[in-house]
Amino acid sequence: MRSLRTNRLRFRNRTITEESNFLRETGITGTSAALIAEFEPGNAEQFGFEIRRSENERTIIAYDNEREELFVDRTNSGNVDFDASTDGRYSAEMKLRNGRIKMRIFIDRSSVEVFGNDGEAVISAQIFPAPESNRMALYVKSGEAQLISLDVWQLQSIW
């Protein structure tokens with residue numbers, strides 16, 4: 001995986017709120033990426049990322065501070081009609097570790113893999129967004145959280 005990484009962006013020690021947009025302003029685009037992030041939840045209800053984002057589509061990968069769970073919400077991720085038995089939101093119980101949450105995320109054209117706290121929680125989901133849904137942003141719901149570190153790489157194709 002490391003050999004596929006390109007165009008690394010690194011961010012450190014930033015307070016994030018619903019209005020935070022520095023990640024959107026970087027102009028990061030693409031359909032394949034790797035992210036490694038660490039957060040302190042502060043008083044935010046939820047925090048994380050919107051990936052494969054456009055005006056009408058987005059997949060949310062976040063931590064719910066009140067429920068103490070990592071989740072992927074693909075309700076608005078594009079084509080979600082491929083399996084009627086599939087719920088649009090997946091979650092896994094995960095507690096804070098030393099007051100922090102770690103996320104390692106791999107994004108591909110039609111899937112997302114999320115590893116919380118070094119594999120304590122793992123979520124895999126299929127997503128089928130439109131090709132133009134290729135941006136990402138930070139996600140915060142109600143309150144603010146502290147982004148301790150974030151590394152973002154675009155991933156080259158293996159084909």
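Residues Ser142 and Glu18 come closest through the heavy atom pair N-OE2, 2.8 Å. Shortest non-hydrogen contact noted between Ser111 and Ile127 is N-CG1, 3.8 Å. For the pair Leu96 and Pro41, the tightest heavy-atom approach, listed with the atom from each and the gap, is CD2-CG, 3.7 Å. Pro129 and Arg109 get closest at one heavy-atom pair: CD-O, 3.9 Å. Scanning all heavy atoms of the two residues, the minimum distance from Leu150 to Ala37 falls at CD1-CB, 3.9 Å. Of all non-hydrogen atoms in Ser77 and Thr59, the two that sit nearest each other are CB-OG1, 3.0 Å.
With rounding to the nearest 0.5 Å, the separation of CG in Asn65 from CZ in Phe47 is 5.5 Å. From Leu70, atom CG reaches atom CD of Glu93 across 11.5 Å, with rounding to the nearest 0.5 Å. Taken from CG in Asp64 to CE in Met94, the straight-line distance is 11.0 Å, to the nearest 0.5 Å. To the nearest 0.5 Å, the span separating CZ on Arg10 from OG on Ser149 amounts to 8.0 Å. The distance from atom CG of Asn56 to atom CG of Asn76, rounded to the nearest 0.5 Å, is 9.0 Å. Within the model, atoms CD1 of Ile123 and CD1 of Ile61 stand 9.0 Å from one another, a figure rounded to the nearest 0.5 Å.
With sequence neighbours left out, Thr15 forms a side-chain contact (heavy atoms from CB on, under 4.5 Å) with Glu144, Gln146. When the side-chain contact (heavy atoms from CB on, under 4.5 Å) test is applied to Ala125, the partners found at least two apart in sequence or on another chain are Val72, Arg74, Tyr90, Val112. For Glu55, there are no side-chain contact (heavy atoms from CB on, under 4.5 Å) partners, not counting sequence neighbours.
Applying the salt bridge (Lys or Arg N to Asp or Glu O under 4.0 Å) rule to pairs touching residues 114-129 yields Arg97-Asp118, Arg97-Glu120, Lys102-Asp118, sequence neighbours excluded. The side-chain hydrogen bond (donor to acceptor under 3.5 Å, both in side chains) contacts involving residues 129-140 comprise Gln46-Tyr139, Ser54-Ser133, Glu57-Ser133, where partners must be two or more places apart or lie in separate chains. Residues in residues 37-46 take part in these salt bridge (Lys or Arg N to Asp or Glu O under 4.0 Å) pairs, two or more places apart or across chains: Glu38-Arg100, Glu40-Arg100, Glu45-Lys141.
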Exercise. What's the verdict on side-chain contact (heavy atoms from CB on, under 4.5 Å) for Ile107 and Met136, showing C-alpha distance, side-chain angles and the deciding distance?
Worked result: CA-CA 11 Å; Ile107 304 160; Met136 70 176 62; 4.2 Å; yes
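Hydrophobic clustering (ILVMFWY, side-chain heavy atoms < 4.5 Å, transitive): Phe39 and Leu9 are in one cluster. A single hydrophobic cluster is not seen to contain both Phe71 and Ile16; linkage of ILVMFWY side chains at heavy-atom distances under 4.5 Å, directly or through other members, places them apart. Each of Ile148 and Met103 belongs to its own hydrophobic cluster when Ile, Leu, Val, Met, Phe, Trp and Tyr are linked at side-chain heavy-atom distances under 4.5 angstrom.
Contact annotation: the side chain of Lys95 approaches that of Glu68 to within less than 4.5 Å [non-hydrogen atoms, C-beta and beyond]. In this structure, the side chains of Val114 and Val122 stay at 4.5 Å or more apart for every pair of heavy atoms. In this structure, the side chains of Asp73 and Arg58 stay at 4.5 Å or more apart for every pair of heavy atoms. Counting heavy atoms from C-beta outward, Leu35 and Arg104 have side chains that stay 4.5 Å or more apart.
Side chains of Ser124 and Glu113: a donor-acceptor N/O pair is present below 3.5 angstrom, by distance only.
Ring geometry for Phe115 against Phe106 counts as perpendicular: the plane angle is over 60°, on a 0 to 90° scale with 30° as the lower cut.
Between Asp151 and Arg12, at least one side-chain N (NZ, or NE/NH1/NH2) sits under 4.0 Å from a carboxylate O, which counts as a salt bridge.
Not a single donor-acceptor pair under 3.5 Å links the side chain of Asp108 to the backbone N or O of Ser110.
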